[in-house]
Amino acid sequence: MTKLKQWDWTPGERTIVPSLACPAGFMWQEEAVASPDGETVAAVARREDETFTVRVNNEHWEGEYEKFWHLGFGPDNRLAGLAQVDGEWLLTVNDEALGESHAFLWTILFDEDGTNVACASQQDGSYGMLTNGEPWPELFDNANNFALSPTNGKTAAVVQIKPLGQADTETFFKGVFSVAVNGQVWDSIFVNAWTPVFSHDASHVAVQARINTYEYTITVDDKPWTQRFQYVWDPAFDPATGDVLAPVRLQGKWGLARNGSMDWNPTLVQCWDVKIGPDGKNIWAIGAPEYGKFTAIQNGRPWNTKFPVAVDLRLSPDGTRAACLGNNNNTDFVVVVDDKPWPGTWGMAWAPVFSPDGRHVAVTVRKNGQYTVLVDGKGMNRTFRRCWPPAFSSDGAHILIRALDGNAFKRIVLPVKQFS
(Lines give C-alpha, C1' and ligand atoms only; values in the text may rest on other atoms or scores of the structure.)
Protein backbone atom coordinates (compact mmCIF):
# COMPACT_ATOMS: atom_id res chain seq x y z
CA MET A 1 0.00 0.00 0.00
CA THR A 2 2.84 2.41 0.84
CA LYS A 3 4.45 1.88 -2.56
CA LEU A 4 1.07 2.37 -4.25
CA LYS A 5 0.81 5.80 -2.60
CA GLN A 6 4.18 6.74 -4.10
CA TRP A 7 2.94 6.34 -7.69
CA ASP A 8 1.88 9.40 -9.68
CA TRP A 9 -1.92 9.59 -9.33
CA THR A 10 -2.31 12.99 -11.01
CA PRO A 11 -5.29 12.68 -13.36
CA GLY A 12 -4.35 12.94 -17.02
CA GLU A 13 -2.57 11.16 -19.84
CA ARG A 14 1.17 10.85 -20.43
CA THR A 15 2.92 9.28 -23.41
CA ILE A 16 5.77 7.24 -21.94
CA VAL A 17 7.12 6.00 -25.31
CA PRO A 18 5.86 7.61 -28.55
CA SER A 19 6.59 4.49 -30.62
CA LEU A 20 7.38 0.90 -29.70
CA ALA A 21 8.46 0.11 -33.26
CA CYS A 22 11.73 -1.81 -33.49
CA PRO A 23 14.48 0.86 -33.57
CA ALA A 24 17.32 1.10 -36.11
CA GLY A 25 20.23 -1.23 -35.43
CA PHE A 26 17.98 -4.05 -34.23
CA MET A 27 16.72 -7.12 -36.09
CA TRP A 28 13.55 -7.46 -34.01
CA GLN A 29 12.08 -7.09 -30.55
CA GLU A 30 9.61 -9.22 -28.64
CA GLU A 31 6.21 -8.27 -27.25
CA ALA A 32 6.47 -5.51 -24.65
CA VAL A 33 5.82 -5.81 -20.91
CA ALA A 34 4.66 -2.87 -18.75
CA SER A 35 5.67 -2.00 -15.19
CA PRO A 36 2.90 -2.02 -12.57
CA ASP A 37 3.21 1.75 -12.05
CA GLY A 38 3.02 2.38 -15.82
CA GLU A 39 6.23 4.41 -15.89
CA THR A 40 8.21 1.85 -17.88
CA VAL A 41 7.70 -0.45 -20.85
CA ALA A 42 10.32 -3.04 -21.82
CA ALA A 43 11.01 -5.67 -24.47
CA VAL A 44 13.72 -8.18 -25.33
CA ALA A 45 15.55 -6.93 -28.45
CA ARG A 46 18.02 -8.58 -30.84
CA ARG A 47 20.76 -6.44 -32.30
CA GLU A 48 21.99 -6.73 -35.86
CA ASP A 49 25.18 -8.35 -34.49
CA GLU A 50 22.79 -11.08 -33.16
CA THR A 51 23.39 -10.30 -29.48
CA PHE A 52 20.41 -9.73 -27.20
CA THR A 53 19.63 -6.86 -24.86
CA VAL A 54 16.56 -5.36 -23.17
CA ARG A 55 14.87 -2.20 -24.36
CA VAL A 56 13.61 -0.08 -21.43
CA ASN A 57 11.47 2.82 -22.67
CA ASN A 58 13.80 4.29 -25.31
CA GLU A 59 17.07 3.11 -23.76
CA HIS A 60 18.78 -0.29 -23.77
CA TRP A 61 20.54 -2.27 -21.07
CA GLU A 62 24.32 -2.30 -21.31
CA GLY A 63 24.49 -6.09 -21.01
CA GLU A 64 25.02 -8.08 -24.21
CA TYR A 65 23.62 -11.58 -24.03
CA GLU A 66 23.61 -14.65 -26.26
CA LYS A 67 19.92 -15.16 -25.51
CA PHE A 68 17.36 -13.59 -23.20
CA TRP A 69 13.92 -14.73 -22.09
CA HIS A 70 11.22 -14.61 -19.40
CA LEU A 71 11.26 -10.80 -19.16
CA GLY A 72 8.83 -9.38 -16.60
CA PHE A 73 8.30 -6.80 -13.86
CA GLY A 74 7.96 -7.55 -10.17
CA PRO A 75 5.40 -5.84 -7.91
CA ASP A 76 8.08 -3.30 -6.93
CA ASN A 77 8.59 -2.36 -10.64
CA ARG A 78 11.97 -4.13 -10.83
CA LEU A 79 12.60 -5.72 -14.24
CA ALA A 80 13.82 -9.34 -14.21
CA GLY A 81 14.80 -11.86 -16.85
CA LEU A 82 17.02 -14.81 -17.70
CA ALA A 83 20.18 -14.15 -19.72
CA GLN A 84 22.56 -16.58 -21.41
CA VAL A 85 26.29 -15.79 -21.23
CA ASP A 86 29.02 -18.25 -22.35
CA GLY A 87 26.37 -20.96 -22.70
CA GLU A 88 25.08 -20.66 -19.12
CA TRP A 89 22.15 -18.77 -17.64
CA LEU A 90 21.94 -15.87 -15.18
CA LEU A 91 19.01 -14.42 -13.24
CA THR A 92 19.21 -10.70 -13.93
CA VAL A 93 17.32 -7.88 -12.21
CA ASN A 94 17.62 -4.35 -13.59
CA ASP A 95 20.58 -5.51 -15.74
CA GLU A 96 22.52 -6.91 -12.74
CA ALA A 97 23.13 -10.63 -12.24
CA LEU A 98 21.88 -12.21 -9.01
CA GLY A 99 24.20 -15.06 -8.04
CA GLU A 100 26.22 -17.42 -10.19
CA SER A 101 25.37 -18.83 -13.61
CA HIS A 102 23.59 -22.18 -14.02
CA ALA A 103 23.14 -24.69 -16.82
CA PHE A 104 19.48 -23.63 -17.09
CA LEU A 105 17.01 -21.39 -15.25
CA TRP A 106 13.26 -20.88 -15.60
CA THR A 107 10.02 -19.82 -13.79
CA ILE A 108 10.83 -16.45 -12.18
CA LEU A 109 8.71 -15.78 -9.05
CA PHE A 110 8.37 -12.53 -7.06
CA ASP A 111 6.84 -12.36 -3.60
CA GLU A 112 3.96 -10.01 -2.73
CA ASP A 113 5.91 -6.76 -2.46
CA GLY A 114 8.76 -7.76 -4.78
CA THR A 115 11.37 -7.95 -2.01
CA ASN A 116 12.40 -11.50 -2.94
CA VAL A 117 12.78 -13.10 -6.35
CA ALA A 118 13.23 -16.82 -6.99
CA CYS A 119 13.55 -19.15 -9.97
CA ALA A 120 13.95 -22.82 -10.82
CA SER A 121 17.42 -24.12 -11.67
CA GLN A 122 19.24 -27.05 -13.25
CA GLN A 123 22.95 -27.68 -12.75
CA ASP A 124 24.82 -30.82 -13.87
CA GLY A 125 21.50 -32.59 -14.46
CA SER A 126 20.17 -31.89 -10.94
CA TYR A 127 17.29 -29.56 -10.08
CA GLY A 128 16.45 -27.02 -7.38
CA MET A 129 15.71 -23.33 -6.81
CA LEU A 130 17.46 -19.99 -6.31
CA THR A 131 16.31 -17.23 -3.94
CA ASN A 132 17.83 -13.83 -4.70
CA GLY A 133 20.59 -15.73 -6.51
CA GLU A 134 21.36 -18.14 -3.64
CA PRO A 135 20.91 -21.80 -4.64
CA TRP A 136 19.51 -24.58 -2.49
CA PRO A 137 22.22 -26.51 -0.60
CA GLU A 138 21.05 -29.77 -2.20
CA LEU A 139 19.79 -30.52 -5.70
CA PHE A 140 17.57 -33.39 -6.84
CA ASP A 141 17.01 -35.76 -9.77
CA ASN A 142 13.74 -33.93 -10.48
CA ALA A 143 11.98 -30.84 -9.09
CA ASN A 144 8.69 -29.26 -10.15
CA ASN A 145 5.69 -27.29 -8.83
CA PHE A 146 7.94 -24.41 -7.71
CA ALA A 147 6.64 -21.97 -5.07
CA LEU A 148 7.82 -18.79 -3.34
CA SER A 149 6.27 -17.71 -0.03
CA PRO A 150 4.22 -14.46 -0.01
CA THR A 151 6.73 -12.99 2.46
CA ASN A 152 10.14 -13.87 3.94
CA GLY A 153 11.69 -15.38 0.80
CA LYS A 154 11.16 -19.10 1.42
CA THR A 155 10.93 -21.51 -1.52
CA ALA A 156 9.45 -24.98 -1.98
CA ALA A 157 9.06 -27.60 -4.69
CA VAL A 158 8.05 -31.20 -5.20
CA VAL A 159 11.28 -33.21 -5.54
CA GLN A 160 12.19 -36.74 -6.56
CA ILE A 161 14.24 -38.37 -3.80
CA LYS A 162 14.64 -41.92 -5.18
CA PRO A 163 15.95 -43.02 -8.58
CA LEU A 164 13.33 -44.31 -10.98
CA GLY A 165 14.00 -46.32 -14.13
CA GLN A 166 11.80 -46.28 -17.19
CA ALA A 167 8.57 -48.27 -16.72
CA ASP A 168 9.55 -49.11 -13.11
CA THR A 169 5.97 -48.91 -11.85
CA GLU A 170 6.72 -51.02 -8.77
CA THR A 171 9.17 -48.42 -7.40
CA PHE A 172 6.91 -45.56 -8.52
CA PHE A 173 3.92 -46.83 -6.52
CA LYS A 174 6.08 -47.27 -3.42
CA GLY A 175 6.70 -43.50 -3.64
CA VAL A 176 9.64 -41.53 -5.00
CA PHE A 177 8.51 -37.89 -4.40
CA SER A 178 8.62 -35.58 -1.41
CA VAL A 179 8.67 -31.83 -0.76
CA ALA A 180 11.75 -29.65 -0.22
CA VAL A 181 11.46 -26.32 1.60
CA ASN A 182 14.53 -24.13 1.09
CA GLY A 183 16.15 -27.35 -0.13
CA GLN A 184 15.43 -29.30 3.09
CA VAL A 185 13.46 -32.47 2.33
CA TRP A 186 10.48 -33.69 4.34
CA ASP A 187 10.50 -37.26 5.69
CA SER A 188 7.17 -38.05 3.97
CA ILE A 189 7.35 -39.93 0.66
CA PHE A 190 4.48 -39.75 -1.84
CA VAL A 191 3.46 -41.45 -5.07
CA ASN A 192 2.82 -37.91 -6.35
CA ALA A 193 2.60 -34.44 -4.82
CA TRP A 194 1.50 -31.10 -6.22
CA THR A 195 1.29 -27.36 -5.56
CA PRO A 196 3.13 -26.55 -2.31
CA VAL A 197 1.33 -23.60 -0.66
CA PHE A 198 2.83 -21.34 2.03
CA SER A 199 0.96 -19.66 4.86
CA HIS A 200 1.15 -15.88 4.55
CA ASP A 201 3.91 -15.64 7.18
CA ALA A 202 5.82 -18.46 5.44
CA SER A 203 5.96 -20.54 8.64
CA HIS A 204 3.88 -23.45 7.25
CA VAL A 205 3.59 -25.39 3.98
CA ALA A 206 0.69 -27.52 2.73
CA VAL A 207 0.69 -29.76 -0.35
CA GLN A 208 -1.60 -32.14 -2.26
CA ALA A 209 -0.37 -35.72 -1.82
CA ARG A 210 -1.19 -38.99 -3.55
CA ILE A 211 -0.72 -41.69 -0.92
CA ASN A 212 -1.27 -44.81 -3.04
CA THR A 213 -2.99 -45.86 -6.26
CA TYR A 214 -6.43 -44.61 -5.21
CA GLU A 215 -6.08 -42.35 -2.15
CA TYR A 216 -5.15 -38.70 -1.79
CA THR A 217 -4.85 -36.30 1.14
CA ILE A 218 -3.30 -33.00 2.24
CA THR A 219 0.04 -32.91 4.04
CA VAL A 220 0.93 -29.93 6.24
CA ASP A 221 4.48 -29.40 7.47
CA ASP A 222 5.36 -33.03 6.68
CA LYS A 223 2.28 -34.40 8.55
CA PRO A 224 -0.41 -35.99 6.34
CA TRP A 225 -4.05 -35.65 7.34
CA THR A 226 -5.33 -38.97 8.69
CA GLN A 227 -8.37 -38.76 6.38
CA ARG A 228 -8.03 -40.06 2.83
CA PHE A 229 -10.04 -38.93 -0.21
CA GLN A 230 -10.73 -39.92 -3.82
CA TYR A 231 -9.06 -36.70 -5.00
CA VAL A 232 -7.95 -33.35 -3.57
CA TRP A 233 -7.16 -29.96 -5.08
CA ASP A 234 -4.93 -27.05 -4.01
CA PRO A 235 -5.00 -26.33 -0.23
CA ALA A 236 -5.31 -22.84 1.27
CA PHE A 237 -4.45 -21.45 4.70
CA ASP A 238 -7.12 -19.67 6.74
CA PRO A 239 -5.36 -16.38 7.58
CA ALA A 240 -7.38 -15.98 10.81
CA THR A 241 -6.83 -19.43 12.33
CA GLY A 242 -3.98 -21.05 10.40
CA ASP A 243 -6.30 -23.96 9.51
CA VAL A 244 -5.77 -25.63 6.15
CA LEU A 245 -8.75 -25.99 3.82
CA ALA A 246 -8.88 -27.96 0.57
CA PRO A 247 -11.47 -29.24 -1.91
CA VAL A 248 -11.83 -33.02 -1.50
CA ARG A 249 -13.82 -35.70 -3.31
CA LEU A 250 -15.80 -38.28 -1.35
CA GLN A 251 -18.17 -40.88 -2.85
CA GLY A 252 -18.03 -39.14 -6.22
CA LYS A 253 -18.90 -35.63 -4.98
CA TRP A 254 -16.78 -32.64 -3.98
CA GLY A 255 -16.85 -30.69 -0.72
CA LEU A 256 -14.42 -28.69 1.38
CA ALA A 257 -12.33 -30.14 4.20
CA ARG A 258 -10.79 -28.19 7.08
CA ASN A 259 -7.82 -29.88 8.75
CA GLY A 260 -9.18 -33.19 7.38
CA SER A 261 -12.81 -32.83 8.56
CA MET A 262 -15.64 -31.79 6.25
CA ASP A 263 -16.52 -28.08 6.32
CA TRP A 264 -18.79 -28.23 3.23
CA ASN A 265 -20.58 -31.53 2.69
CA PRO A 266 -19.64 -33.32 -0.55
CA THR A 267 -22.57 -32.28 -2.75
CA LEU A 268 -20.78 -30.56 -5.66
CA VAL A 269 -19.88 -31.93 -9.08
CA GLN A 270 -16.61 -29.96 -8.87
CA CYS A 271 -14.92 -27.51 -6.48
CA TRP A 272 -11.58 -25.68 -6.67
CA ASP A 273 -9.78 -22.30 -6.39
CA VAL A 274 -10.44 -21.80 -2.65
CA LYS A 275 -9.95 -18.25 -1.36
CA ILE A 276 -10.48 -17.05 2.21
CA GLY A 277 -11.15 -13.54 3.56
CA PRO A 278 -8.66 -12.08 6.06
CA ASP A 279 -10.93 -12.69 9.08
CA GLY A 280 -11.76 -16.25 7.96
CA LYS A 281 -15.51 -15.56 7.97
CA ASN A 282 -15.97 -15.81 4.22
CA ILE A 283 -14.70 -18.86 2.34
CA TRP A 284 -15.05 -18.78 -1.42
CA ALA A 285 -14.44 -21.25 -4.26
CA ILE A 286 -15.30 -21.94 -7.88
CA GLY A 287 -17.65 -24.92 -8.06
CA ALA A 288 -20.33 -26.72 -10.01
CA PRO A 289 -23.55 -27.60 -8.16
CA GLU A 290 -24.69 -29.32 -11.39
CA TYR A 291 -22.82 -30.86 -14.30
CA GLY A 292 -21.60 -28.14 -16.69
CA LYS A 293 -22.85 -25.26 -14.51
CA PHE A 294 -19.99 -23.45 -12.77
CA THR A 295 -20.22 -20.44 -10.45
CA ALA A 296 -18.74 -18.84 -7.34
CA ILE A 297 -19.59 -20.38 -3.97
CA GLN A 298 -19.59 -18.45 -0.69
CA ASN A 299 -19.56 -20.44 2.55
CA GLY A 300 -21.03 -23.45 0.74
CA ARG A 301 -23.81 -21.50 -1.04
CA PRO A 302 -23.54 -21.28 -4.87
CA TRP A 303 -24.42 -18.09 -6.70
CA ASN A 304 -27.54 -18.14 -8.87
CA THR A 305 -25.56 -17.06 -11.97
CA LYS A 306 -23.94 -20.10 -13.62
CA PHE A 307 -21.88 -20.70 -16.76
CA PRO A 308 -20.30 -23.65 -18.60
CA VAL A 309 -16.95 -22.26 -17.32
CA ALA A 310 -16.18 -19.91 -14.39
CA VAL A 311 -12.63 -18.68 -13.74
CA ASP A 312 -10.51 -15.94 -12.14
CA LEU A 313 -12.27 -15.70 -8.77
CA ARG A 314 -11.13 -12.55 -6.93
CA LEU A 315 -12.14 -11.22 -3.49
CA SER A 316 -12.45 -7.71 -2.10
CA PRO A 317 -9.72 -6.96 0.47
CA ASP A 318 -12.12 -7.71 3.36
CA GLY A 319 -13.33 -10.93 1.71
CA THR A 320 -17.03 -9.97 1.76
CA ARG A 321 -17.36 -9.38 -2.00
CA ALA A 322 -16.27 -11.50 -4.97
CA ALA A 323 -15.98 -11.28 -8.73
CA CYS A 324 -15.27 -13.87 -11.41
CA LEU A 325 -15.50 -14.43 -15.16
CA GLY A 326 -18.07 -16.71 -16.76
CA ASN A 327 -17.79 -17.94 -20.32
CA ASN A 328 -19.17 -20.42 -22.79
CA ASN A 329 -16.09 -22.60 -23.30
CA ASN A 330 -13.75 -19.65 -23.98
CA THR A 331 -16.28 -17.55 -25.90
CA ASP A 332 -18.67 -14.82 -24.74
CA PHE A 333 -16.90 -13.81 -21.53
CA VAL A 334 -19.11 -12.17 -18.89
CA VAL A 335 -17.96 -10.30 -15.77
CA VAL A 336 -19.93 -11.26 -12.65
CA VAL A 337 -19.65 -9.26 -9.41
CA ASP A 338 -21.63 -10.21 -6.30
CA ASP A 339 -23.68 -12.66 -8.39
CA LYS A 340 -24.72 -9.87 -10.81
CA PRO A 341 -23.52 -10.11 -14.47
CA TRP A 342 -22.28 -6.89 -16.02
CA PRO A 343 -23.84 -5.91 -19.36
CA GLY A 344 -22.25 -7.26 -22.52
CA THR A 345 -20.12 -10.20 -23.57
CA TRP A 346 -16.46 -10.09 -24.61
CA GLY A 347 -14.11 -12.10 -26.76
CA MET A 348 -11.71 -12.19 -23.84
CA ALA A 349 -11.60 -10.75 -20.32
CA TRP A 350 -8.89 -10.73 -17.66
CA ALA A 351 -9.05 -11.22 -13.91
CA PRO A 352 -11.16 -8.63 -12.01
CA VAL A 353 -9.30 -6.10 -9.82
CA PHE A 354 -10.87 -4.72 -6.61
CA SER A 355 -10.01 -1.27 -5.29
CA PRO A 356 -8.20 -1.28 -1.91
CA ASP A 357 -11.38 -0.05 -0.20
CA GLY A 358 -13.39 -2.82 -1.89
CA ARG A 359 -15.96 -0.42 -3.39
CA HIS A 360 -14.95 -0.69 -7.06
CA VAL A 361 -14.06 -3.43 -9.55
CA ALA A 362 -12.17 -3.02 -12.83
CA VAL A 363 -11.65 -5.52 -15.65
CA THR A 364 -9.68 -5.40 -18.90
CA VAL A 365 -11.70 -6.79 -21.81
CA ARG A 366 -11.16 -7.35 -25.54
CA LYS A 367 -13.62 -7.47 -28.40
CA ASN A 368 -12.89 -7.61 -32.13
CA GLY A 369 -9.19 -7.16 -31.38
CA GLN A 370 -9.67 -3.90 -29.41
CA TYR A 371 -9.05 -3.55 -25.67
CA THR A 372 -10.79 -1.35 -23.12
CA VAL A 373 -11.32 -1.18 -19.36
CA LEU A 374 -14.60 -1.57 -17.50
CA VAL A 375 -15.13 -0.07 -14.05
CA ASP A 376 -18.18 -1.13 -12.06
CA GLY A 377 -19.74 -2.41 -15.28
CA LYS A 378 -19.22 0.76 -17.35
CA GLY A 379 -16.62 1.04 -20.09
CA MET A 380 -14.38 3.82 -21.35
CA ASN A 381 -15.51 5.55 -24.53
CA ARG A 382 -12.15 4.62 -25.99
CA THR A 383 -10.37 1.45 -27.14
CA PHE A 384 -6.69 0.52 -27.44
CA ARG A 385 -4.44 -1.88 -29.31
CA ARG A 386 -3.63 -3.41 -25.94
CA CYS A 387 -4.30 -2.80 -22.23
CA TRP A 388 -2.51 -4.29 -19.25
CA PRO A 389 -4.42 -4.98 -15.99
CA PRO A 390 -5.61 -1.72 -14.33
CA ALA A 391 -4.74 -0.58 -10.79
CA PHE A 392 -6.58 1.57 -8.27
CA SER A 393 -5.07 4.27 -6.07
CA SER A 394 -4.85 3.44 -2.37
CA ASP A 395 -7.97 5.54 -1.63
CA GLY A 396 -9.89 3.98 -4.55
CA ALA A 397 -10.55 7.38 -6.09
CA HIS A 398 -8.46 6.94 -9.26
CA ILE A 399 -7.65 4.19 -11.72
CA LEU A 400 -4.41 3.68 -13.66
CA ILE A 401 -4.68 2.41 -17.24
CA ARG A 402 -1.58 1.22 -19.12
CA ALA A 403 -2.26 0.97 -22.83
CA LEU A 404 -0.91 0.86 -26.36
CA ASP A 405 -2.60 3.64 -28.32
CA GLY A 406 -1.54 2.80 -31.84
CA ASN A 407 2.17 2.20 -31.32
CA ALA A 408 2.52 4.60 -28.36
CA PHE A 409 2.67 3.37 -24.77
CA LYS A 410 0.49 5.58 -22.60
CA ARG A 411 -0.09 5.99 -18.89
CA ILE A 412 -3.59 7.27 -18.12
CA VAL A 413 -5.01 8.17 -14.69
CA LEU A 414 -8.77 8.70 -14.50
CA PRO A 415 -11.10 9.58 -11.60
CA VAL A 416 -13.23 6.53 -10.80
CA LYS A 417 -16.30 8.78 -10.56
CA GLN A 418 -15.92 9.27 -14.31
CA PHE A 419 -17.37 5.75 -14.69
CA SER A 420 -20.38 6.39 -12.44
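Keep in mind that what you see is a predicted model, and the values were worked out from it rather than measured.
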K.L.:
Tell me, please, which residues at least two apart from V93 pass side chain to side chain contact (heavy atoms under 4.5 Å, CB included).
P.N.:
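Per chain and number, V93 pairs via side chain to side chain contact (heavy atoms under 4.5 Å, CB included) with R78, A80, L98, V117.
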K.L.:
Quick check: F146 with W106 (ring centres under 6.0 Å apart)?
P.N.:
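Centroid distance W106-F146: below 6.0 Å, so yes.
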K.L.:
Any carboxylate oxygen within less than 4.0 angstrom of a Lys/Arg side-chain nitrogen, looking at R14 and E39?
P.N.:
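Looking at R14 and E39, the cut-off is met.
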K.L.:
Salt bridge check, R359 against D357: does any charged N sit closer than 4.0 Å to a carboxylate O?
P.N.:
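Counted as a salt bridge, because a side-chain N and a carboxylate O are separated by less than 4.0 Å.
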K.L.:
What I'd like to find out is whether the side chain of L130 reaches to under 4.5 Å of the side chain of P135, using heavy atoms alone.
P.N.:
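With C-beta onward as the side chain, the pair touches.
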K.L.:
Are K3 and D37 ion-paired here, with the side-chain N under 4.0 Å from a carboxylate O?
P.N.:
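No salt bridge links K3 with D37.
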K.L.:
Could you please spell out the steps behind the side chain to side chain contact (heavy atoms under 4.5 Å, CB included) verdict for W89 and F104?
P.N.:
CA-CA 6 Å; W89 289 86; F104 200 61; 3.6 Å; yes
K.L.:
Tell me whether R321 contacts the main-chain N or O of V361 through its side chain, where contact means a donor paired with an acceptor under 3.5 Å.
P.N.:
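Side chain of R321 to backbone of V361: no pair is present.
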K.L.:
Run the side chain to side chain contact (heavy atoms under 4.5 Å, CB included) test on T115 and D76 for me, step by step, so that the C-alpha distance in whole Å, both residues' side-chain angles and the decisive distance to 0.1 Å come before the verdict.
P.N.:
CA-CA 8 Å; T115 301; D76 59 350; over 6 Å; no
K.L.:
Could you tell me whether K306 and E290 have a side-chain N and a carboxylate O separated by less than 4.0 Å?
P.N.:
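Not counted as a salt bridge, because no side-chain N and carboxylate O are separated by less than 4.0 Å.
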K.L.:
Could you go step by step and tell me if H60 and F26 meet the ring pair (Phe, Tyr, Trp, His ring centres under 6.0 Å) rule?
P.N.:
CA-CA 11 Å; H60 292 87; F26 287 83; 4.4 Å; yes
K.L.:
Could you tell me whether the side chain of W7 and the main chain of S393 form a donor-acceptor pair under 3.5 Å?
P.N.:
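A pair under 3.5 Å: no.
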K.L.:
Can you list every ring pair (Phe, Tyr, Trp, His ring centres under 6.0 Å) pair that touches residues 189-209, not counting sequence neighbours?
P.N.:
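Output for this query is empty, none listed.
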K.L.:
On a heavy-atom basis, which atom in R402 and which in P389 lie closest, and how many Å separate them?
P.N.:
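In this case the closest contact between R402 and P389 is NH2-O, 2.7 Å.
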K.L.:
Grab the two heavy atoms, one from S178 and one from I161, that are nearest each other, plus how far apart they are.
P.N.:
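Heavy atoms only, the tightest pair is CB-CD1, 3.9 Å.
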K.L.:
So, the side chain of S149 versus the backbone of K154: is there a donor-acceptor pair under 3.5 Å, distance only?
P.N.:
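Yes: the side chain of S149 pairs with the backbone of K154.
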K.L.:
What residues, two or more places apart in sequence or in another chain, satisfy salt bridge (Lys or Arg N to Asp or Glu O under 4.0 Å) together with K275?
P.N.:
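Per chain and number, K275 pairs via salt bridge (Lys or Arg N to Asp or Glu O under 4.0 Å) with D273.
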K.L.:
Using a 3.5 Å distance criterion without hydrogens, assess whether the side chain of N265 forms a donor-acceptor pair with backbone atoms of T267.
P.N.:
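No.
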K.L.:
Carefully, step by step, assess V205 and D221 under the rule side chain to side chain contact (heavy atoms under 4.5 Å, CB included).
P.N.:
CA-CA 5 Å; V205 177; D221 297 337; 4.3 Å; yes
